[in-house]
Amino acid sequence: MLWFRPINVDRDRDLVLAFRKDSFVVSFGNENDFHEEEYLEWLKDKQMDESTDFVLVQEGDAYIGQLELSIRQYEGKRVGYVHLYYLIPDKRGKGLGAKLHTYAENFFRSQGVSEYHLRVSPTNTSALSFYRKLGLTVIGEELDGKVTRMRGQVSGGNVNGRTAFHK
């Protein structure tokens with residue numbers, strides 16, 4: 001069973017930095033554009049907002065991932081936004097991403113949005129394949145082609161299997 005615990009930037013600093021750095025390497029091939037202190041400040045600012053849910057993912061005694069979710073405006077519409085889906089390397093490709101996705105959809109549903117977006121590196125073929133499998137579609141390229149924006153629909157009804165600790 002997976003557990004989702006809110007991030008505390010002071011307590012979880014090293015863990016969230018390691019996870020985010022790895023996500024940069026997977027997405028862009030290196031961590032050159034990752035700035036630790038800017039990221040930590042951004043996390044601190046965002047976690048105070050009630051329209052966010054930034055959590056660490058725990059399986060047993062081990063932290064195996066991280067989710068960063070928020071509500072944003074996009075072209076005049078309120079949508080969910082996935083800042084980060086992350087699993088450690090040895091947990092990828094084992095069906096756990098779908099559980100993170102279920103958690104994300106439940107958060108978006110609780111916030112009253114029916115659509116969510118995310119951005120992905122066009123070279124991250126594993127992530128692109130996963131998102132397409134979930135039913136996301138490409139909206140377009142952003143940041144001079146550095147990322148692809150994708151859109152998904154929040155599925156209806158109650159989804160079981162979510163265990164979470166909230167703010």
Side-chain angles (χ1 to χ4, degrees), residues 4 7 9 15-57 64-156 159:
F4 299 84
I7 292 172
V9 177
L15 190 58
V16 298
L17 285 174
F19 286 174
R20 193 54 132 147
K21 281 181 187 178
D22 186 47
S23 78
F24 263 71
V25 172
V26 169
S27 295
F28 306 110
N30 60 60
E31 59 183 72
N32 294 344
D33 291 332
F34 179 71
H35 304 285
E36 288 185 6
E37 293 309 315
E38 285 178 28
Y39 174 64
L40 292 171
E41 284 304 312
W42 178 81
L43 268 183
K44 284 180 183 179
D45 288 344
K46 287 289 185 185
Q47 73 182 15
M48 304 306 270
D49 186 341
E50 286 300 314
S51 67
T52 65
D53 199 9
F54 287 18
V55 296
L56 288 170
V57 182
I64 63 163
Q66 183 171 327
L67 268 173
E68 296 174 4
L69 311 169
S70 71
I71 305 301
R72 291 183 152 191
Q73 291 291 322
Y74 180 77
E75 296 182 348
K77 185 161 90 173
R78 195 169 172 266
V79 300
Y81 191 80
V82 179
H83 298 275
L84 179 66
Y85 275 129
Y86 177 80
L87 286 168
I88 61 174
D90 67 331
K91 295 296 180 178
R92 297 175 192 155
K94 298 181 182 202
L96 295 176
K99 293 182 180 191
L100 273 62
H101 181 68
T102 296
Y103 182 97
E105 280 202 333
N106 283 332
F107 171 72
F108 295 142
R109 192 177 302 108
S110 77
Q111 295 291 312
V113 297
S114 60
E115 180 180 315
Y116 60 94
H117 296 190
L118 56 77
R119 295 192 299 191
V120 58
S121 167
T123 62
N124 190 344
T125 56
S126 295
L128 283 164
S129 175
F130 173 67
Y131 299 145
R132 286 188 179 111
K133 183 178 169 185
L134 293 173
L136 279 78
T137 57
V138 171
I139 297 173
E141 303 299 316
E142 296 181 356
L143 302 176
D144 295 324
K146 189 173 182 176
V147 295
T148 300
R149 181 177 282 263
M150 298 183 81
R151 167 183 23 230
Q153 298 298 314
V154 176
S155 62
V159 180

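Remember, it's a predicted structure, so these values are computed and weren't measured experimentally.
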* Can you see which heavy atom on Ile139 is nearest to which on His117, and at what distance? => CD1-CE1, 3.6 Å
* To do: Might you point out which heavy atoms bring Thr148 and Pro122 nearest each other, and give the distance in Å?
  => OG1-CB, 3.8 Å
* Salt bridge present between Asp22 and Lys91 (N-O < 4.0 angstrom) -> no
* Ion pair check, Arg20 and Glu68, cut-off under 4.0 Å -> yes
* **side chain to side chain contact (heavy atoms under 4.5 Å, CB included) between Val26 and Arg92, worked out** => CA-CA 12 Å; Val26 169; Arg92 297 175 192 155; 3.5 Å; yes
* Give the C-alpha distance, both sets of side-chain angles, the deciding distance and a yes or no for side chain to side chain contact (heavy atoms under 4.5 Å, CB included) between Tyr131 and Tyr85. => CA-CA 11 Å; Tyr131 299 145; Tyr85 275 129; 3.5 Å; yes
* Asked: Can a donor-acceptor pair be found between the side chains of Ser155 and Glu105 at a distance below 3.5 Å?
  -> yes
* Can a donor-acceptor pair be found between the side chains of His35 and Glu37 at a distance below 3.5 Å? -> no
Can you find a heavy atom in the side chain of [X] that is under 4.5 Å from one in the side chain of [Y]?
X      : Y      : value
Val82  : Phe108 : yes
Met150 : Arg132 : yes
Leu143 : Arg119 : yes

* Trp42 vs His83 aromatic rings, parallel, tilted or perpendicular, using cut-offs 30° and 60°? -> perpendicular
* Asked: Relative to each other, are the rings of Phe4 and Tyr103 parallel, tilted or perpendicular (30° and 60° limits)?
  ->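 The rings of Phe4 and Tyr103 lie parallel, inter-plane angle below 30°.
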* **CA sep, side-chain torsions, deciding dist, call: Leu40, Val16, side chain to side chain contact (heavy atoms under 4.5 Å, CB included)** => CA-CA 9 Å; Leu40 292 171; Val16 298; 4.2 Å; yes
* To do: With side chain to side chain contact (heavy atoms under 4.5 Å, CB included) as the test, would you mind laying out the steps for Phe28 and Val147 before giving the verdict?
  => CA-CA 10 Å; Phe28 306 110; Val147 295; 4.3 Å; yes
* **Test item: Thr102 side-chain N/O and Ala98 main-chain N/O as donor-acceptor pair under 3.5 Å** => yes
* Asked: If only atom types and distance count, is the side chain of Thr123 paired as donor or acceptor with the main-chain N or O of Ser27 below 3.5 Å?
  -> yes
